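Reminder, nothing fancy here: chain letters follow the sequence lines and each chain counts from 1. This structure is a prediction, so every number in the text was calculated from the model and none was measured. Basis for what follows: all heavy atoms, side chains included, without hydrogens, waters or symmetry-related copies.
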2 protein chains.
Amino acid sequence: MTRPSEITRDRILKAAERLFAERGYDATSIRAIVARARVNQAAINYHFDGKEGLYREVLRAAFRGLTEDQLAHAGDAAGLPREQALAAFVRRQLRPLAARDEASRHMRIFNWETVRPTPVFRKLMSEEAAPFMGLTVELVRRFLPDADQRSLMVAAIWLLGQCSIFVRNREQLAGPPVALAFDDSAVDWLARLLSGWTLRGLGAA
Amino acid sequence: MTRPSEITRDRILKAAERLFAERGYDATSIRAIVARARVNQAAINYHFDGKEGLYREVLRAAFRGLTEDQLAHAGDAAGLPREQALAAFVRRQLRPLAARDEASRHMRIFNWETVRPTPVFRKLMSEEAAPFMGLTVELVRRFLPDADQRSLMVAAIWLLGQCSIFVRNREQLAGPPVALAFDDSAVDWLARLLSGWTLRGLGAA
DNA sequence: TACGTTTTCAAACGCAGGTTTGAAAACGGA
DNA sequence: TCCGTTTTCAAACCTGCGTTTGAAAACGTA
């Protein structure tokens, strides 16, 4: 693989990630992507075999980026008291709230998919979400040692839901009638609030 | 207003609601709508002044349908003990889980919008979401009488998030790796579980 | 029934989308 | 340097989109 062609490929991927995250698959045109990447239009078909092939690559990267952040800390969590482990988990889930970074773009692409999953996504999900769900289930199990598997699963989703509603709706929440805007310190504050309610809810405080 | 033209209008609205819910605004074509409604293509421009105007009407209906269910019971809630009021609220929020009905279509349209709100939606939201948010804030205030306005708002959203993650992701949750399917009794069970955790979280049990 | 208005219709328009093409340019080993 | 391969490029192609048009049909009223 020669050097310059890799650069073109990468520019396309970067531009596509931004645009797919911002507008979704349908509303993002090939022409918009190549304009942003400053690359010839035919390059997408050459390197990715069309728009759908490009999207597949972007989705893979987003999925990896999102879960590996939590998975990377799964080891730490085992060594922490359950209260601290949960607080850290919540704080990490809320991270895309403040930062306009790669992680928040990945979350955004993910959000588009949860509305109407493409086949590409379903496959990725059933193959690679298990470790992440497993990690979350193990976390809540430390608070509900006697619960059955089904309840644990619900508890894990419950925990994720409390965080995701803020992340997913960040933009709406910034406007009326809610008017909640988040900088780093506001995210810390929110994380403490949510952790507190969750800990009490699970009977740990 | 004559009779048959109202029928045409209604057929268009019904078909559009289904398709917008299923595929979102961008991926739904005028041609698909008129094919489903068995109506001439120009009828959409005639009755709704274009695709966007039609979407506005669909969005309005969806919004009304979603909130009026809760608003209609706002009166009852005031007469109930706070624990029962909250449990009833949660149960109502979870309603679209079991039914494949109008309510679940409305939720779906709503979901599309939360990913990337259209101007139409933003306007509707800032104008009409206030009563619904107010109702939810009043509910949590009964558990957190000393909290400031910002915390109450967060608590209200927190409560909504716990429910919405199950409703929004119903289809994904049904498959691997989670495998949670919901019939009426499962929804009751889930509502009790969530209510319990929430009540404890807010310090009421 | 007669007539102005409302509503439907088939056809076409202009545009933006994804993809294809064929040649030019850049590359890299011999 | 030479030559086969890889990569880029501008232009065109075709399809499907939302909208417009102008006339025909249906309607409601007097």
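Applying the 4.0 Å criterion to OP1 and OP2 of dT6(D), one finds that H47(A) has every side-chain N and O outside that range. OP1 or OP2 of dC17(D) has at least one side-chain nitrogen or oxygen of S29(B) nearer than 4.0 Å. Residue T8(A) places at least one side-chain N or O under 4.0 Å from the OP1 or OP2 atom of dT8(D).
Rounded to an integer number of Å, the gap from CG of D10(B) to C1' of dT8(C) is 17 Å. The separation between F48(A) atom CZ and dG18(C) atom P is 15 Å, rounded to whole Å. Rounded to a whole Å, the CG atom of N45(B) is 17 Å from the P atom of dC13(C). A straight line from OH of Y46(A) to P of dT6(D) spans 7 Å, rounded to a whole angstrom. Between the CD1 atom of I7(B) and the P atom of dT8(C) there is a distance of 10 Å, given to the nearest Å. Counting to the nearest Å, the P atom of dC9(D) and the CZ atom of R11(A) are 10 Å from each other. With rounding to whole Å, K51(A) atom NZ is found 8 Å from dT19(C) atom P. One atom, CD of Q41(B), and another, C1' of dT20(D), lie 11 Å apart when rounded to the nearest Å.
Between R31(B) and N40(B), the residue whose closest nucleotide on DNA chain C is further toward the 5' end is N40(B). Each of A42(A) and Y25(A) was assigned the nucleotide of DNA chain C with the nearest heavy atom; the assignment lying further toward the 5' end belongs to Y25(A).
A cation-pi contact, defined as under 6.0 Å to the ring centre and within 45° of the axis, is absent between R200(A) and W197(B).
Below 30°, between 30° and 60°, or above 60°: for Y25(B) and F20(B) the angle between ring planes is below 30°, a parallel geometry.
You'll find the ring centres of F63(B) and F121(B) outside the 6.0 Å limit.
By the 4.0 Å N-to-carboxylate-O rule, E22(B) lies too far from R105(B) to be salt-bridged with it.
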